[in-house]
Amino acid sequence: MTWHVLGGGSLGALWAARLGRAGLPVQLILRNPQRLAAYRAAGGLTLVEQDAAQTHPVPGQLATDSQPIERLLLACKAYDALAAISSIETRLRPGAQVLLLQNGLGSQEQVATRVPQARCIALSSTEGAFRQDDFRIVFAGQGQNWLGDAQAPPEWLKELALAGIPYQWTGQMPTRLWRKFALNCAINPLTVLHDCRNGALLEHLDEIQPLCAELVELLNHAGQADAAVALYEQVIQVLQATAANLSSMQQDVRAGRRTEIDYLLGYASTCAARLQVPAPRLQQLHLRLLEHLRARGLPCA
Ligand code: NAP
């Protein structure tokens with residue numbers, strides 16, 4: 001069975017290259033004919049690991065290709081997920097399996113609603129990769145891929161092991177997604193507003209503590225009490241353990257790229273309003289971040 005990977009960016013390329021070099025059939029779906037032509041001219045995906053670069057000639061195609069899709073890794077940003085799944089939805093076989101690796105919350109639901117014929121499996125990755133150039137990806141950080149749904153683990157997990165892709169199947173994926181969402185809401189926007197690395201936020205615990213208290217309330221009202229346990233303590237641990245890192249949102253802002261704000265603070269604000277949970281600090285943080293992005297000419301969604 002072929003792995004279709006939609007998106008030749010950081011994580012899409014990391015997955016496609018590893019699956020391809022393990023001899024598994026992979027097709028990379030590119031955005032448009034220009035991107036497909038550029039990809040073919042590049043000769044494949046180049047993966048840089050510990051300073052060694054290797055090119056993997058994974059075949060590329062467009063969303064309009066006619067090949068049916070039975071297994072898809074949706075490897076775009078959260079704000080592109082709905083348009084991306086819509087572009088291939090008629091190719092999905094009934095019962096097709098779709099892995100969603102988008103950060104934040106909201107896009108998973110948008111995609112699952114759009115393709116009810118598919119089994120959508122959420123995935124949360126702590127692996128790190130970035131684009132050095134088009135179709136040239138640096139594998140920057142080892143990590144884990146958590147994935148799962150309420151059904152039995154699928155047969156193809158052993159293909160991940162074959163490809164050297166670390167994974168952990170879990171029936172508690174919503175808890176993981178909500179926990180990561182809460183950590184990202186507490187950390188990422190403040191790193192942007194203070195223009196700092198993660199560790200420097202340890203000097204702003206007076207802002208972080210009440211924010212975490214609001215997030216805990218929100219998670220509890222959303223039926224995600226397990227994801228709320230000792231949130232503030234874990235935020236501090238993350239800030240200490242990743243002190244030298246730039247958060248993903250901070251990297252996006254510094255590079256002048258669109259952020260995934262709608263799937264973090266946007267989702268938090270909407271959720272708080274829907275559940276009628278007071279969240280003045282989250283809302284104020286959202287407004288401050290929107291203002292910050294606007295002032296730099298960056299998209300506010
Ligand atoms: P990325 O480097 O920006 O790659 C996204 C790719 O999706 C781009 O190559 C883009 O194409 C492609 N794309 C978007 N819409 C498309 C469409 N309709 N058809 C075909 N291709 C399409 O993003 P990323 O860093 O891999 O992140 C993906 C998700 O993983 C995000 O939610 C991110 O937060 C999460 N994540 C990333 C990392 C990491 O280390 N990178 C770690 C954990 C989680 P173009 O190249 O043509 O723009």
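Order of listing sets the numbers, starting from 1, for every ligand and every atom in it.
Proximity of Ile29 to ligand 1, defined as any heavy-atom pair under 4.0 Å, is confined to the backbone N, CA, C and O atoms. Here Leu30 has backbone heavy atoms under 4.0 Å from ligand 1, and that is the only part of it that gets that close. Looking at Leu101 against ligand 1, both its backbone and its side chain come within 4.0 Å, counting heavy atoms. Contacts between Arg131 and ligand 1 below 4.0 angstrom, taking non-hydrogen atoms only, involve the side chain exclusively.
Cluster annotation: Leu6 is not connected to Tyr39 through the hydrophobic network of ILVMFWY side chains, with a link wherever side-chain heavy atoms come within less than 4.5 Å.
Using a 4.0 Å cut-off between charged nitrogen and carboxylate oxygen, Arg294 and Glu291 count as a salt-bridge pair.
Closest of all the heavy-atom pairs between Val111 and Leu82 is CG2-N, 4.5 Å. In plain terms, the two heavy atoms of Glu203 and Asp206 that are nearest each other are O-OD1, 4.2 Å.
For atom 40 (O) of ligand 1, the candidate residues are Ala129, Gly104, Ser86; the nearest heavy-atom contact is made by Ala129. For atom 33 (C) of ligand 1, the choice among Glu260, Arg31, Arg35, Gln102 with the nearest heavy atom turns out to be Glu260.
Using a 4.0 Å heavy-atom cutoff, Ala83 is absent from the residues neighbouring ligand 1. The closest approach between Ser125 and ligand 1 falls below 4.0 Å for a heavy atom of the residue. Using a non-hydrogen distance threshold of 4.0 Å, Gly128 registers as a contact of ligand 1. Not a single heavy atom of Arg257 lies less than 4.0 angstrom from ligand 1.
For the residue pair Thr175 / Asp226, no side-chain donor-acceptor distance below 3.5 Å is found, with atom types taken as modelled.
Protein heavy atom nearest atom 37 (C) of ligand 1, with residue, atom name and distance: Leu11 CD1, 3.6 Å. Among all non-hydrogen protein atoms, the one lying nearest atom 28 (C) of ligand 1 is Cys76 O, 3.5 Å. Protein heavy atom in closest approach to atom 22 (C) of ligand 1: Leu6 CD2, 3.9 Å. In this structure, the protein non-hydrogen atom closest to atom 42 (C) of ligand 1 is Glu127 O, 3.3 Å. In this structure, atom 23 (O) of ligand 1 lies nearest to the protein heavy atom Lys77 CE, 3.3 Å.
Below 4.0 Å from some heavy atom of Ala84 lie the following atoms of ligand 1, by number and element: 18 (N). For ligand 1, the atoms closer than 4.0 angstrom to any heavy atom of Asp80 are 14 (C), 15 (N). With ligand atoms numbered from 1 in the order given, ligand 1 contributes 7 (O), 12 (C), 21 (N) to contacts under 4.0 Å with heavy atoms of Gly7. If you number the atoms of ligand 1 from 1 as listed, the ones under 4.0 Å from a heavy atom of Ala75 come out as 5 (C), 6 (C), 7 (O). Near Gly8, meaning under 4.0 Å from any of its heavy atoms, are these atoms of ligand 1: 9 (O).
Residue Asn103 has at least one N or O atom closer than 3.5 Å to an N or O atom of ligand 1. Considering backbone and side-chain atoms alike, Gly9 places an N or O below 3.5 Å from some N or O of ligand 1. Among the atoms of Ser87, none of the N or O lies under 3.5 angstrom from an N or O of ligand 1.
A search for salt bridge (charged side-chain N to carboxylate O under 4.0 Å, His left out) contacts involving Arg21 returns Glu49, not counting sequence neighbours. Not a single salt bridge (charged side-chain N to carboxylate O under 4.0 Å, His left out) links Arg40 to another residue, sequence neighbours left out.
Once rounded to the nearest 0.5 Å, the distance linking CG of Leu14 with CD1 of Ile165 reads 7.0 Å. Atom CG of Leu19 is separated from atom NE2 of His56 by 11.0 Å, given to the nearest 0.5 angstrom. To the nearest 0.5 angstrom, Phe130 atom CZ is 10.0 Å from Arg136 atom CZ.
Counting heavy atoms from C-beta outward, Ser107 and Leu100 have side chains that stay 4.5 Å or more apart. Residues Phe135 and Arg35 meet the side-chain proximity criterion, which asks for heavy atoms closer than 4.5 Å.
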For the pair Arg18 and Leu160, evaluate side chain to side chain contact (heavy atoms under 4.5 Å, CB included) and give the outcome as yes or no after the intermediate values.
CA-CA 9 Å; Arg18 289 182 294 186; Leu160 301 187; over 6 Å; no
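Ring planes of His204 and His194: parallel class, angle under 30° (limits at 30 and 60°).
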